[in-house]
Amino acid sequence: MKNTARKNIIAQGFSLIEMLVVIAVIGVIAAIAIPSISGINDAAAKGKDQRNAQNVVSVFQAGQAAGVTWNTTSAEAAFDDVVAGKKGTGAFDGKLFQVPGLGDAEKTGALKYISTNDSGIYYDKDKK
């Protein structure tokens with residue numbers, strides 16, 4: 001008799017109400033998590049754009065200190081120059097100043113944080 005009673009309890013499974021409660025809880029968790037995930041993706045994209053801008057400006061300034069003459073007619077022209085790369089002069093003769101691997105998508109994002117002044121380009125985290 002004991003074996004028969006146990007088999008009946010196990011064979012019953014979950015009720016419809018229990019399943020609906022589990023589905024409702026999963027729905028609530030998903031409703032909370034999905035907006036947070038999209039915010040994380042936006043923050044990651046912004047951070048990537050800022051890092052790319054900082055890299056370009058850093059290489060620009062290092063090259064400028066090493067005697068490289070960059071195209072400074074605009075931030076976009078300077079960006080293209082740094083991506084293409086130029087060789088230094090004097091003690092830095094033969095050293096290539098370049099940020100490789102930045103395409104048009106990275107350029108668009110990074111240019112949001114690059115501004116120009118009389119001496120070239122600079123990183124501007126508050127630029128809109």
| F60 backbone acceptor or donor facing W70 side chain under 3.5 Å | yes
| request: Just do the side-chain contact (heavy atoms from CB on, under 4.5 Å) check on V56 and N52 with the steps written out, would you? | output: CA-CA 6 Å; V56 168; N52 286 338; 5.6 Å; no
| Do L102 and F79 come within less than 4.5 Å of each other through their side chains, counting heavy atoms only? | yes
| request: Looking only at non-hydrogen atoms, find the nearest pair between A53 and A110 and report the distance. | output: CB-O, 3.5 Å
| remark: Residues passing the side-chain hydrogen bond (donor to acceptor under 3.5 Å, both in side chains) test with N117, sequence neighbours excluded, are S119
| field | For K87, salt bridge (Lys or Arg N to Asp or Glu O under 4.0 Å) partners two or more places apart | value | none
| field | Residues, nucleotides or ligands: over 12 heavy atoms within 6.0 Å of D104 CG | value | no
| query | K107: what forms a side-chain hydrogen bond (donor to acceptor under 3.5 Å, both in side chains) with it, not counting sequence neighbours? | reply | E76, D80
| message | Determine whether a donor-acceptor pair (N or O, by modelled atom type, separation under 3.5 Å) exists between the side chain of N71 and the backbone of D81. | response | no
| remark: Heavy atoms of I121 and A78 approach each other most closely as CG2-CB, 3.7 Å
| message | Within the structure provided, determine whether F97 and Q61 are in side-chain contact (heavy-atom separation under 4.5 Å). | response | no
| query | Between S36 and I32, what is the shortest heavy-atom contact and its length? | reply | OG-O, 3.5 Å
| request: Taking Q98 for its side chain and V82 for its backbone only, find out whether a donor-acceptor pair lies under 3.5 Å. | output: no
| field | side-chain hydrogen bond (donor to acceptor under 3.5 Å, both in side chains) involving D124 - partner list, sequence neighbours excluded | value | S115
| note | Nearest heavy-atom approach of A75 to I114 is CB-CG2, 3.9 Å
| query | Are there more than 12 heavy atoms of other residues, nucleotides or ligands under 6.0 Å from atom OH of Y122? | reply | yes
| Under the side chain to side chain contact (heavy atoms under 4.5 Å, CB included) test, residues paired with L20 that sit two or more places apart | L16
| Contacts of type side-chain hydrogen bond (donor to acceptor under 3.5 Å, both in side chains), residue T69, not counting sequence neighbours | none
| request: Working to the nearest 0.5 Å, report the span between CD of Q54 and NZ of K125. | output: 9.5 Å
